[in-house]
Amino acid sequence: MTEKQATFLSELQSISSLRQISSLLGWDQQVNLPPGNSPSKQRASQRAVLATLIHREFTSVEFQDKLRELEQMEIDSNEDWGVILREVRRKLDRAIKIPSEFVARKAAHQSRAYHAWRKARQNDDFASYAPILEVTLQLAREEAAFAGYADNPYDYHLDLHDPGMETLSVAKLFDALQVELVPLSQRILGLAGTCKLPALKNFPVTQQEVFLREVVESLGFDFSRGRMDVAIHPFCSGNGNDTRLTTRYDADNPLDSLFSSIHEAGHGLYEQGLPAKWIGTPLGEAAGMAVHESQSRIWENQVGRSRQFWNLWEPRFRELFPEALSDISSEDLFKTINLVTPNPIRVDADEVTYNLHVILRFELEQALFSGELEVSELPDAWSEKAERLLNLQPKNDAEGVLQDVHWSSGSFGYFPSYCIGNLLAAQLWETAKEDIPELESLIEAGENERFLAWLDEKIHRHGSRMNLLELTEHATGKPLGHDPLLRYLEERYLVLYEQN
Ligand code: ZN
């Protein structure tokens, strides 16, 4: 490494350290902040100071000059340094193009919008929130225009979450998926509807903690380089040697804590698998939201809801919760774990219908950005799409268009990542089973090392060297498609429920 590269690297890593500190403060806010301190102005101002500092350092003339000097050297774009320069340039261009006046205006509106959304959801009053959402949407368009996407603003927002993705490519995937998934989900719902399943109640929280830790550890999450705490909304933050998971407990909903923990552990395994020597650079960062989501979903669903996984874990589950499970048969337990049921709420949806919830939002976002749809028309458009995709009607707007926080914070183009993550998870799973024919027996034996090493080889170690579509081709030898997800859902759910 030349001296210039070393200086640049050290600056890049100090900016990244500032970002990590900010994220640590965010973690602390969710996990530790005393309740009297909430909502915390003190914490908000600490993070605002850091955000200003990060922006200043990252966009400083000195930093830009150093980057330009390195860019003039001849470096192969596929080599480590080529990737670092390419990715830093991409982010820097964006940061420079968006004026700080706009960033401040957007932040001020966001906090207003969040409160307005919460109130509107509480009162089931979309009309009071619509004018605010209009401003949010206008700001999102303005931001895209600053970044050079005046003619295709939604592409900008998709690309922010998953570099390389565009409206057209996502639409193509989702259109093909829904043609088959709508009838398949109705067929599965029809079969599942005839099952009578028991409610899971009275699972002592202390025992749940024991079980979760054992499960998460067995997946390969390294507790000597990570931790797990309690937060209202489970999330994973940190990276490398300091990866932090959170979970929540409910004595009458043990599967929620279990599967959200496995999900977050999947994110955590990705973060722990990023190459240590490049932490603080793009080579030590995840390749985007959808790739991240593929890692959480593959452990949560393909592994965690499988027959093999439960053959392994059911005895221990019963040992820890003998009373709660005494009247519940193995088959009923397994069906409860894989319950498919109509639900208007996305976050409570099963993995079969979940993707249709995402497609609904994608279509609405796309129509809002193209100008086909007005904000005031959202509730009706929502109902129409819910009917067509999910065969249900929300009782009210709180259960429909007001259910998610995302739009209130100006997060457009975020929802698609959830479904794309599911597509990728299924495609990776199919390839992994070809590469490791005994994969399912290994899972049944609790030997997850080889699968984790496979994910590491295919995904984790590459950081953001490749984008989602490149990484998919690299890992599976095929372009990202919708068939593996359909095959996986058919195999798991038709087989399970057709036995009735
Ligand atoms: Zn996730």
Side-chain angles (χ1 to χ4, degrees), residues 23 26-27 30-31 157-158 160-163 165 170 212 215-216 219-221 226-240 243-248 253 255-274 285-305 343 345-359 361-362 403-407 409 411-429 451-452 455-456 459-460 463-464 467-468 471-472 480 485 488:
S23 141
W27 171 86
Q30 309 277 329
V31 172
H157 290 277
L158 288 170
L160 266 188
H161 299 95
D162 293 303
M165 290 312 273
V170 178
L212 281 191
V215 167
V216 165
L219 304 180
F221 185 78
R227 49 184 293 142
M228 185 158 69
D229 297 88
V230 174
I232 296 172
H233 302 288
F235 64 96
C236 165
S237 75
N239 55 16
T243 302
R244 301 177 178 219
L245 314 177
T246 61
T247 190
R248 60 179 170 205
N253 196 352
L255 297 182
D256 173 66
S257 0
L258 176 62
F259 286 100
S260 62
S261 301
I262 298 177
H263 178 100
E264 297 310 329
H267 285 304
L269 289 168
Y270 188 6
E271 292 293 338
Q272 287 189 332
L274 291 165
E285 274 166 24
M289 276 280 312
V291 179
H292 230 307
E293 203 58 16
S294 76
Q295 298 307 290
S296 54
R297 293 292 181 155
I298 206 166
W299 288 103
E300 177 191 355
N301 292 331
Q302 273 82 4
V303 175
R305 292 183 202 275
N343 199 322
I345 305 293
R346 175 185 59 88
V347 294
D348 296 331
D350 54 79
E351 67 163 329
V352 180
T353 54
Y354 186 91
N355 300 293
L356 298 168
H357 285 269
V358 171
I359 292 175
R361 286 152 180 80
F362 167 74
Q403 67 179 274
D404 301 300
V405 66
H406 301 57
W407 291 345
S409 67
S411 277
F412 298 101
Y414 188 127
F415 287 118
S417 305
Y418 295 126
C419 178
I420 300 170
N422 286 336
L423 294 173
L424 178 55
Q427 193 161 328
L428 288 170
W429 182 245
F451 181 49
L452 182 56
L455 289 172
D456 185 66
I459 305 283
H460 303 173
S464 53
N467 69 24
L468 161 77
L471 205 48
T472 306
L480 183 64
L485 179 63
Y488 157 75

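Just follow the structure's listing: the first ligand is 1, and inside any ligand the first atom is 1. No experiment lies behind these values; they were computed from the predicted model shown.
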Query - E293: partners by salt bridge (charged side-chain N to carboxylate O under 4.0 Å, His left out), with sequence neighbours left out - result: R297
Query raised in the report: Which N, O or S atoms belonging to the protein are less than 2.8 Å from the Zn ion (ligand 1)?
Result: H263 NE2, H267 NE2, E293 OE1
Counting only pairs under 3.5 Å, give me each side-chain donor-acceptor contact of residues 229-238, with atom names and distances, residues two or more places apart or in other chains.
from, atom 1, to, atom 2, distance (Å)
D229, OD1, R227, NE, 2.9
D229, OD2, R227, NH2, 2.8

Report summary line: In short, H460 meets L274 closest at the heavy-atom pair O-CD2, 3.4 Å
Query raised in the report: Taking only residues two or more places apart in sequence or in another chain, which ones pass salt bridge (charged side-chain N to carboxylate O under 4.0 Å, His left out) with D404?
Result: R346, R361
Query raised in the report: If we only count heavy atoms from C-beta on, is the L455 to L269 side-chain gap below 4.5 Å?
Result: no
Query raised in the report: Without hydrogens or angle criteria, can the side chains of H161 and H157 be said to hold a donor-acceptor pair below 3.5 Å?
Result: no
